[in-house]
Amino acid sequence: MDTFFNLTTQDTHAIWLSIKVACGATLVATPLGFAAAYLLVFSKLPAKSLIEGLINLPLVLPPVVVGYLLLLLFGQSGFFGSLLQSADIRIIFTLSGAVLASVVVGFPLMVRAIRIGMEGIDHNCLMAARTLGAGWWDTLMTITLPLSGRAILAGMTLMFARSLGEFGATIILAGNIPGVTQTIPLAIYEYTNTPGGDRMALNLCLVSIILSFAILMLSEAVARSMKRS
Amino acid sequence: MELDVDIEKQHGKFRFSAAFSLSLQRCGVFGPSGSGKSTLMHLLSGLLVPDRGKICLAGKTLYDAGAGVNIPPEQRRIGVVFQHAHLFPHMNVRRNLFYGWRRTENSERRIAPESLIKVLNLDHLLDRGVNRLSGGERQRVALGRTVLACPRLILMDEPLTGLDEELKYQIIPYLKKALDEFNIPLLFISHSLREMRLMTDEVLVFRDGTLQAQMTTENLARSGMATTGGGYANMFKLGPPRQVGDLWSYPFGENSLVLTEEDGNGDRLFELDARDIVLFKGRPEATSARNLLSCKVVDIFRFNNRVGVELDCRGMRLVAQIVPESVLELGIEKGVEVVAVIKASSFRRVV
């Protein structure tokens with residue numbers, strides 16, 4: 001049993017990368033997710049259902065398809081790819097690529113979670129704030145944002161968990177490069193393709209379970225303390 | 001207040017239009033639900049933008065379609081008390097109360113928070129979460145929050161509707177006291193004639209989105225005589241009573257009234273239906289009614305086959321409702337002396 005929890009350097013790299021990608025994706029997606037949810041809940045845009053459809057698309061598309069579309073867009077000849085290249089930024093086969101893939105795939109889940117919370121906010125409270133002298137930005141920061149707090153936390157948890165598990169889009173956009181873009185699921189995938197790699201795969205599975213569980217517990221604890229205050 | 005309004009708004013199939021100017025300190029907007037009362041409130045506070053027209057408050061233009069002026073709600077300094085308190089659920093009472101105050105410039109802060117908190121009797125609630133307040137307390141906090149923003153006008157959209165009867169009339173004195181003390185003009189929106197009479201002096205009557213009439217609240221109440229089943233209720237404060245046998249005697253101007261109702265020490269609000277007053281020419285020899293008041297006729301007004309007779313009972317006003325035949329028979333005209341006879345059980349306590 002002493003070899004059971006022996007993680008290789010490649011494994012620890014994969015674990016660190018997974019955490020980095022999940023944190024990065026959550027940080028990038030949270031303000032965007034809040035903005036998107038706000039737009040869907042409060043704005044009167046005529047193209048609202050179209051935007052909603054676009055945001056939700058990655059939820060129903062196979063992640064591989066999402067990854068491939070991202071590769072087309074951000075590849076060297078892609079629209080964004082060539083644009084970013086002129087600024088000397090490369091997305092594909094880098095950590096940023098892994099973060100981008102996670103953001104896009106997890107985004108619908110995050111928006112959905114924030115939106116549900118935001119829809120529960122009493123519009124009259126926002127109107128009351130306006131008549132009490134709070135401008136749009138003030139109202140956003142002092143009423144809308146705090147009242148969406150728990151929903152944002154739920155969205156962040158979903159985003160983080162989804163990023164930890166992201167596989168399909170990541171492998172296409174960022175590749176499976178040990179130490180660069182190989183996250184836990186990609187490492188597990190590699191082990192299962194290696195003869196005798198079962199035990200190593202199981203080790204990483206265990207790490208994966210522990211990580212996810214820890215995140216859920218943390219999120220619950222934060223949510224409880226938010227409810228209390 | 002000096003409020004001049006001439007606006008129009010198309011809202012789906014609902015068309016709202018109103019042109020009026022108000023000068024009294026306490027005005028009301030009266031009408032059934034769906035008549036456009038709340039639309040008017042939203043338009044005035046800037047939460048809804050009119051299609052065309054003009055809104056001026058105390059010489060300042062808040063909206064002028066022609067000149068392209070539309071001051072946003074947060075700069076209009078028009079306070080709104082909504083039907084439901086709509087307190088901020090993530091803040092305690094104190095933070096709710098001071099939300100508007102903190103956003104008011106020093107030079108505009110003419111209200112002392114401590115005295116307002118005292119007037120509204122909120123001292124003991126300041127650190128409480130708003131989810132642990134009763135309906136009446138919530139509404140008082142909402143009122144305090146609006147007043148503390150030192151508005152130039154307060155709009156109240158049926159602020160008493162969600163409350164039970166008892167609570168409703170407990171809050172009214174607080175409302176009046178707060179507005180009087182800090183001299184804030186009021187536009188009170190309601191479909192309740194009684195609330196209207198307690199809170200306002202002049203009313204705008206709305207129906208189907210259009211302004212039907214502008215009149216004194218007293219005249220609105222009197223016009224109730226014209227409606228089937230409706231009538232006019234005399235409202236007055238009485239108290240404190242003195243026990244006389246098994247009845248209670250309340251001072252009423254230079255006279256006193258004998259009632260079957262007894263209630264504590266403070267002033268209580270009573271209603272007396274104008275139809276429950278019987279007029280006699282000269283004192284009747286004997287009557288089962290306990291109250292016989294000598295009065296002078298001050299005014300006579302007629303709605304269809306009903307006549308209202310306004311009486312001066314030594315300093316107190318009463319309105320009796322009779323029929324035109326009785327007017328002729330008793331020879332009632334201005335200046336004539338009559339005796340008003342009222343049963344002790346005709347008075348109804350409101351609060």
Side-chain angles (χ1 to χ4, degrees), chain A residues 30-31 34 37-39 41-46 48-49 113-157 219-229, chain B residues 38 41-49 62 71-92 95-105 108-109 129-131 138 141-159 162:
Chain A
T30 303
F34 181 78
Y38 187 91
L39 208 69
V41 174
F42 294 109
S43 78
K44 289 185 186 125
L45 289 177
K48 212 154 103 172
S49 46
I114 299 178
R115 192 181 160 177
I116 288 168
M118 238 181 220
E119 274 167 351
I121 297 177
D122 182 358
H123 279 230
N124 289 301
C125 272
L126 305 177
M127 291 208 258
R130 295 295 299 275
T131 62
L132 288 168
W136 180 86
W137 184 250
D138 193 354
T139 307
L140 183 75
M141 298 310 281
T142 56
I143 311 290
T144 317
L145 191 62
L147 286 181
S148 316
R150 277 156 61 87
I152 293 172
L153 180 75
M156 286 171 81
T157 310
S219 145
E220 279 294 309
V222 176
R224 258 201 305 276
S225 79
M226 277 170 112
K227 198 175 185 178
R228 224 176 293 128
S229 64
Chain B
S38 292
M41 184 200 77
H42 282 91
L43 289 167
L44 289 178
S45 59
L47 296 169
L48 210 60
V49 183
L62 299 179
I71 296 181
E74 64 268 23
Q75 287 166 26
R76 287 198 183 187
R77 308 179 45 72
I78 292 186
V80 180
V81 179
F82 296 88
Q83 183 173 346
H84 305 287
H86 299 302
L87 301 177
F88 305 131
H90 57 303
M91 300 181 187
N92 63 14
R95 287 184 60 208
N96 263 286
L97 279 174
F98 283 91
Y99 190 88
W101 171 263
R102 278 203 215 96
R103 287 161 178 79
T104 304
E105 278 178 40
E108 300 276 2
R109 291 180 178 174
V130 294
N131 298 322
R138 291 177 69 81
V141 174
L143 176 72
R145 183 177 68 173
T146 306
V147 172
L148 269 183
C150 310
R152 294 185 304 175
L153 166 67
I154 283 195
L155 306 175
M156 292 192 189
D157 188 7
E158 314 230 5

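Not measured: the values here are computed from a predicted model. All chains are named by letter (A, B, ...) in the order of the sequence lines, taking the proteins before the strands, and each is independently numbered beginning at 1.
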A.B. asks: Less than 4.5 Å to any heavy atom of chain A: does that hold for the side chain of B:His42, its backbone, both, or neither?
C.D. replies: side chain

A.B. asks: Sort B:Arg77 into side chain, backbone, both or neither according to what part of it lies under 4.5 angstrom from a heavy atom of chain A.
C.D. replies: neither

A.B. asks: What part of B:Leu87 gets within 4.5 angstrom of chain A, counting heavy atoms only: side chain, backbone, both, or neither?
C.D. replies: backbone

A.B. asks: Could you tell me the separation between the OG1 atom of A:Thr139 and the CZ atom of B:Arg103, rounded to the nearest 0.5 Å?
C.D. replies: 7.5 Å

A.B. asks: Between atom NE2 of B:His86 and atom CE of A:Met127, what is the distance when rounded to the nearest 0.5 Å?
C.D. replies: 7.5 Å

A.B. asks: For a 4.5 angstrom cut-off between non-hydrogen side-chain atoms, does B:Phe88 reach A:Leu132?
C.D. replies: yes

A.B. asks: Distance check, rounded to the nearest 0.5 Å: A:Thr131 atom OG1 versus B:Ile154 atom CD1?
C.D. replies: 10.0 Å

A.B. asks: For the residue pair B:Leu47 and A:Arg130, establish whether any side-chain heavy-atom pair is separated by less than 4.5 Å.
C.D. replies: yes

A.B. asks: Can you say whether A:Asp122 sits under 4.5 Å from chain B via the side chain, the backbone, both, or neither, judging by heavy atoms?
C.D. replies: side chain

A.B. asks: So which atom in B:His90 and which in A:Thr142 form the shortest heavy-atom distance, rounded to 0.1 Å?
C.D. replies: NE2-O, 2.8 Å

A.B. asks: What I'd like to find out is whether the side chain of B:Met91 reaches to under 4.5 Å of the side chain of A:Pro146, using heavy atoms alone.
C.D. replies: no

